[in-house]
Protein chains: 2
Amino acid sequence: MDPRLDLVFAALADPTRRAILTMLLEDDMAVTDVAEPFAMSLAAISKHLAILSRAGLISQEKRGRVKWCKLEPEALRDASIWMQAFGQFEAVDLDAFERFLEHEIRE
Amino acid sequence: MDPRLDLVFAALADPTRRAILTMLLEDDMAVTDVAEPFAMSLAAISKHLAILSRAGLISQEKRGRVKWCKLEPEALRDASIWMQAFGQFEAVDLDAFERFLEHEIRE
DNA sequence: GTTTTCGTCAACCAGACGGTTGAATATGCC
DNA sequence: GGCATATTCAACCGTCTGGTTGACGAAAAC
């Protein structure tokens with residue numbers, strides 16, 4: 001069993017981390033800016049980012065005293081392929097998908 | 001944030017549980033038969049199955065003294081849709097998928 | 001060169017996880 | 001009825017998780 005899948009799925013299992021990924025979909029962000037909308041300490045967000053980073057879902061690059069976080073969507077590829085085995089999903093319903101994304105961002 | 005996604009991704013984060021799902025892809029199975037190939041107690045497998053069940057990834061139906069486990073691939077649908085947001089994946093590489101499945105079965 | 005800002009580290013906490021063992025509960029068989 | 005089979009329950013254990021706070025180091029600002 002691919003242990004990288006363990007890390008990716010475990011990283012995705014937390015709503016805070018999924019929200020962070022959604023934010024990074026817009027643009028790269030500094031750690032402090034990532035933390036801003038959440039009602040938890042900077043240290044907690046820093047840990048979440050470390051978990052996302054270990055899973056390969058984001059990369060972090062320090063420029064000056066600011067650490068920039070960048071989405072790395074390729075890491076989701078293996079996980080996505082794995083899931084195809086079970087779904088035999090028909091092509092994704094794009095309307096439902098748009099509704100879903102709106103819902104996701106609102107939360 | 002959709003808490004059902006928490007359960008689905010957390011369930012997928014464990015290699016034993018992903019192996020169980022792969023087995024159930026073949027056919028429905030009784031709990032004892034699910035447990036057979038694993039080097040751990042029946043009680044442990046029973047717990048794993050409960051987690052998969054809570055996540056909606058399988059259903060369990062008791063017939064007589066045997067409890068049958070059935071894959072419920074629809075539960076993966078929302079999770080799969082969520083992941084599409086980040087990948088902008090081109091159509092799944094079926095060759096890579098075949099190789100992956102072979103690798104999966106060998107383990 | 002002092003002070004502020006950015007981010008991590010360390011220690012701690014409560015709770016969940018993944019496993020064990022042993023007892024308990026059904027159901028089926030003779 | 002009495003025994004074997006299938007599965008879960010209960011208690012326990014060590015480890016990981018998700019959060020806190022406070023101290024710390026490095027870069028920037030003034």
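A note on names: the letters A, B, ... follow the listed sequences, proteins ahead of strands, and every chain is numbered from 1. Predicted, not measured: the structure shown is a model, and the values here were computed from it.
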[X] side-chain N/O to [N] phosphate OP1/OP2 under 4.0 Å:
X	N	answer
A:S41	D:dT20	yes
B:S46	D:dT7	no
A:K47	C:dT8	no
A:R17	D:dG18	yes

Within the structure provided, determine whether A:E72 and A:L57 are in side-chain contact (heavy-atom separation under 4.5 Å). no
Selection from [options] that lies nearest to any side-chain heavy atom of [X]:
X	options	result
B:K67	C:dG19, D:dT7, D:dG18	D:dT7
A:A43	C:dG7, C:dC29, C:dC9	C:dC9
A:V31	C:dG7, D:dT7, C:dC6	C:dG7
A:H48	C:dT21, C:dG18, D:dG19	D:dG19
B:M40	C:dC6, D:dT7, C:dG19	C:dG19

Length of the [atom1]-[atom2] vector between [X] and [N], whole Å:
X	N	atom1	atom2	value
A:M29	C:dC6	CE	C1'	15 Å
B:L49	D:dC9	CG	P	12 Å
A:I45	D:dT17	CD1	P	16 Å
A:R65	C:dC6	CZ	P	6 Å
A:I58	C:dG7	CD1	P	12 Å
B:L7	C:dC17	CG	P	9 Å
B:E36	D:dA6	CD	P	12 Å
A:I51	D:dG19	CD1	C1'	11 Å

Approximate separation, where rounding is to 0.5 Å, of A:R18 CZ and B:D6 CG: 4.5 Å
Could you pull out the closest heavy-atom pair between A:A55 and A:L7, with the gap in Å? CB-O, 3.6 Å
For residues B:L49 and B:C69, report the shortest heavy-atom separation together with the two atoms involved. CD1-SG, 3.9 Å
Quick one: does A:R17's side chain have a donor or acceptor within less than 3.5 Å of a partner on A:A11's backbone? yes
